[in-house]
Amino acid sequence: MPVARMSGLFGRTLREAPADADSANHQLLLRSGLIVQLAAGVYSFLPPAWTTLLKIEQIIREEMVAAGSQEMRMPAIQPRELWEESGRADSYGPVLFNLKDRRDRTMVLAPTHEESVTDLFRKVVQSYRDLPQSVFQMQTKFRDEPRPRGGLVRVREFIMKDAYTFDVDDDAFQLNYNAMRQAYYNIFERCGVPVVAVQADSGAIGGKQSEEFIFLTEIGEDNIILCSCCGYAANQERAEFTPREAAGTVGELEDVETPGVTTIEGLANFLGIPAQSTAKAAFFLVDGEPTFAVIRGDLEVNELKLINALDALEARPLLPEEVEEAGWVAGYASPIGVDPARVIADPSVVDAGGLVAGANRVGMHARNVTYGRDWTAATVADIGMAQPGDTCSECDDALEMRRGIELGHIFKLGARYAEPMEATFLDADGERRTPIMGCYGIGVERLMAAAVQANHDDLGIIWPRSIAPYDVHIVPLGGSDDVGSAVASIEAELAQLGLNVLTDDRDERAGVKFNDADLMGAPLRITIGARGLRQGQIELKLRHAAESSSVPIDDAVTAAQEALASLDG
RNA sequence: CGGAGCGUGGCGCAGUCUGGUAGCGCACUUGACUGGGGGUCAAGAGGUCGCCGGUUCAAAUCCGGCCGCUCCGACCA
């Protein structure tokens, strides 16, 4: 390996972090001169950062190949028609970067490649004899995100490792899926980032089931529900839980005056009853239809569960005027008398007995409102949002909630793309069949950001050895000839061993060099100074360690190798 | 797209309320001293104060519009 010199590095360290950077990883990536922003969610990666990204890619590549996947490459620029074929031109719509070619044809910059890989499949695969298949690529994706965020955490242009599998049936698919799942654990572990796999919603990718690989961190943008007892883990948007015991009543339907009481909390206080004794109404526009959702007063509606339960594409809360238009009374709404076709009920109100609900008149509620007797819903489905402290549905322990960053996501797609795009193969009986597909993504720069977030201290980055831009950071102190020749021979020997070496050859004070070394975070620092050299010693310090050690200069290279090897356990 | 904030040399900021000279720290250049945890002194270079328009004798500062960036929400590797 060539030796990098601090004096010639393209990029410089900053003493102060740019004000725009919030999280530790973002600040450190900027301060250490690794990344520079060009626009919202668009970054340049300077040489050391690029070295790290290449190392991450190599780790991913090795694990993908080990999982039986073949590397390939698909185009980033694609005709929009491809997206119309799968039906995603609209659902993915706003995130697609559109452009016109010179013949006025609309092209898109690909945000992901399910369409193109499915198109490839139908052009390349005809027979079950060609299956199973697993392919992957590492490529720049483009997504016109509504809100870029957190430095590299959410950007508009990024490298994704995306893999796709095709199988003859579910059983065969499961083999590919499991291999990918294991590969993902291996990848994140090798990059020095702890992850948990959580059940997730497949979102705009579609399909039946999916798991996210989450790095738990307070700077994350996802809410993750965890059970420390049984290990249950899910994204809050799909987490299951057991609601608290209902506190329903038995009795005749009767009105009760509740002047000025429009919230569940207010209602419970006013009547001196627990929130579990009330029913809450929430109004949504679901695929253009006003929808009346009923859930127990102590719970919140999970919009994503609502969408899935109604097999819909999108939902949003109704605006106040839309509520009025629908004939519902905000704050006092009652499902009684509402067309059941427009009502969706959570099991928590179905099995509860009599609850206090609105009476559809301002200032009035009703007691003993009972599902089945007083009202019904066309759809009964779990639409509750799991909250910390709720009971785990697997083991009855209390659930916790943590923030996290989604580093990878693996999906079972089923026939989501193959069917609309008519990708098929002939089976052994000569029957035309649809392959079972899976897709598997990792955000490469996001993974680098997570690695920094997971491995830093007050002074700077502490790179995991596996993805460090430089293995060894040499700090020469004092400009004597002795120092110069010692540095030259040690750096040459280390480079000869295949190590990435950065030598701080600048005429700076010791403090500046040490601080920059700490900031840039190479796993091993070697200090070669006139003072030590007089005793025939140089100094080694592992970045994560508190203490340094001195070794005779003749042992320097061996000791450096040993120190680095100690990190690989 | 809703809410909040910010745009002044490469980075961090002051100046804006109350219009008149663009300023500080760091970084950068040159020289000297110094030399093991961001050193000292001296001399420099670098900014149409985000953009456009308006008010005014005069605008970084007041008014209007636009653009950009960040954060909180709705969305995702």
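In the text below, chain A, chain B and the rest are named by the order of the sequence lines, each starting its count at 1. These values consider heavy atoms only, across backbone and side chains, with no hydrogens, waters or symmetry-generated copies. Computed from a predicted model, the values in this text were never measured in an experiment.
Backbone-only engagement by A:Gly150 is indicated by non-hydrogen atom pairs under 4.0 Å involving sugar-phosphate atoms exclusively. The residue A:Asn515 sits close to a base: some heavy atom pair falls under 4.0 Å. Nucleic acid contact class of A:Asp518 (heavy atoms, under 4.0 Å, all strands): base. Within 4.0 Å of A:Phe411, counting heavy atoms only, lie sugar-phosphate atoms of the nucleic acid but no base atom. When heavy atoms are screened at a 4.0 angstrom cut-off, A:Gly511 is found touching the sugar-phosphate backbone but no base atom. Here A:Pro146 lies in heavy-atom contact (under 4.0 Å) with a base. Within 4.0 Å of A:Ala21, counting heavy atoms only, lies no atom of the nucleic acid at all. If you check every strand for non-hydrogen atoms under 4.0 Å, A:Gly408 touches sugar and phosphate atoms only. If you check every strand for non-hydrogen atoms under 4.0 Å, A:Asp144 touches nothing. Contact annotation for A:Pro148: backbone-only contact, meaning every heavy-atom pair under 4.0 Å involves sugar-phosphate atoms and none involves a base. Looking at heavy-atom distances under 4.0 Å, A:Val95 makes no contact with the nucleic acid at all. In this structure, A:Thr527 reaches the bases: a heavy-atom distance under 4.0 Å links it to at least one base atom across the strands shown.
Between A:Arg12 and B:C28, a side-chain N or O to OP1/OP2 separation shorter than 4.0 Å is present. Neither OP1 nor OP2 of B:C75 sits under 4.0 Å from any side-chain N or O of A:Arg154. For B:C71, one of the phosphate oxygens OP1 or OP2 lies less than 4.0 angstrom from a side-chain nitrogen or oxygen of A:Arg147. At the phosphate of B:U70, OP1 or OP2 sits under 4.0 Å from a side-chain N or O atom of A:Gln37.
Evaluation of A:Phe158 against the base of B:A77 yields a stacking contact (centre distance < 5.5 Å, interplanar angle < 30°).
Across all strands shown, B:A77 remains unpaired; no Watson-Crick or G-U wobble contact has both distances below 3.5 Å. Under the Watson-Crick or G-U wobble criterion, with both distances below 3.5 Å, B:G5 is paired with B:C69. With both pairing distances under 3.5 Å, B:C28 is matched to B:G44 as a Watson-Crick or G-U wobble pair. Base pairing analysis places B:A14 opposite nothing; no Watson-Crick or G-U wobble pair with both distances below 3.5 Å involves it. Base pairing analysis places B:G20 opposite B:C57; the two distances defining the Watson-Crick or G-U wobble pair are each below 3.5 Å. Shown here, B:G37 forms no base pair; nothing in the strands shown gives a Watson-Crick or G-U wobble contact with both key distances under 3.5 Å.
B:C33 sits 46 Å from B:G19 when the C1' atoms are compared, rounded to a whole Å. Nucleotides B:C76 and B:C6 place their P atoms 32 Å apart, quoted to the nearest Å. Spacing between B:G23 and B:C62 at atom C1', rounded to whole Å, works out to 22 Å. Comparing the P positions of B:C67 and B:G31 gives a spacing of 49 Å, expressed to the nearest Å. Going from the P atom of B:U29 to that of B:U70 covers 30 Å, rounded to whole Å. Comparing B:C28 with B:C72, their C1' atoms are spaced 38 Å from each other, to the whole Å. Distance noted for atom C1' between B:U56 and B:C66: 23 Å (whole Å).
A donor-acceptor pair is defined here as one N or O able to donate and one able to accept, closer than 3.5 Å; such a pair exists between the side chain of A:Tyr184 and the backbone of A:Gly441. Using modelled atom types, no side-chain atom of A:Asp119 and backbone atom of A:Glu115 make a donor-acceptor pair closer than 3.5 Å.
Between A:His409 and A:Asp20, the residue anchored closer to the 5' end of RNA chain B is A:Asp20, taking for each the nucleotide with the nearest heavy atom. Two residues, A:Leu407 and A:Leu533, neighbour RNA chain B, and the one matched to the more 5' nucleotide by heavy-atom proximity is A:Leu533.
No side-chain N or O of A:Gln139 forms a donor-acceptor pair with one of A:Asp162 less than 3.5 Å apart. Checked by atom type, the side-chain pair A:Thr503/A:Asp505 shows no donor-acceptor distance below 3.5 Å.
For A:Ala510, counting side-chain heavy atoms from C-beta on, the closest listed nucleotide (B:G37, B:A77, B:C11) is B:G37. For A:Glu145, the side-chain atoms get nearest to B:A77 when compared with the rest of B:G38, B:G39, B:A77. Listed candidates were B:G12, B:G36, B:C76. Nearest to the side chain of A:Arg446 is B:C76. With distances taken from any side-chain atom of A:Ala40 to the nucleotides B:C69, B:G36, B:G12, the minimum falls on B:C69. Nearest to the side chain of A:Arg149, among B:C76, B:U70, B:A74, sits B:A74. If you check B:C69, B:G35, B:G38 against the side chain of A:Ala39, the one that comes closest is B:C69. Minimum atom distance to the side chain of A:Arg15 is reached by B:C26, of the listed B:A77, B:A74, B:C26.
Remark: of the listed residues A:Leu34, A:Thr52, A:Asp518, A:Leu34 is the sole one forming a side chain to side chain contact (heavy atoms under 4.5 Å, CB included) with A:Ile461.
With hydrogens and angles ignored, a donor-acceptor pair closer than 3.5 Å exists between the side chain of A:Glu539 and the base of B:G36.
A:Tyr164 has its ring centre no less than 6.0 Å from the ring centre of A:Phe136. A centroid separation of less than 6.0 Å is found between the aromatic rings of A:Phe213 and A:Tyr185.
Under a 4.0 Å N-O distance rule, the pair A:Arg402/A:Glu218 does not qualify as a salt bridge.
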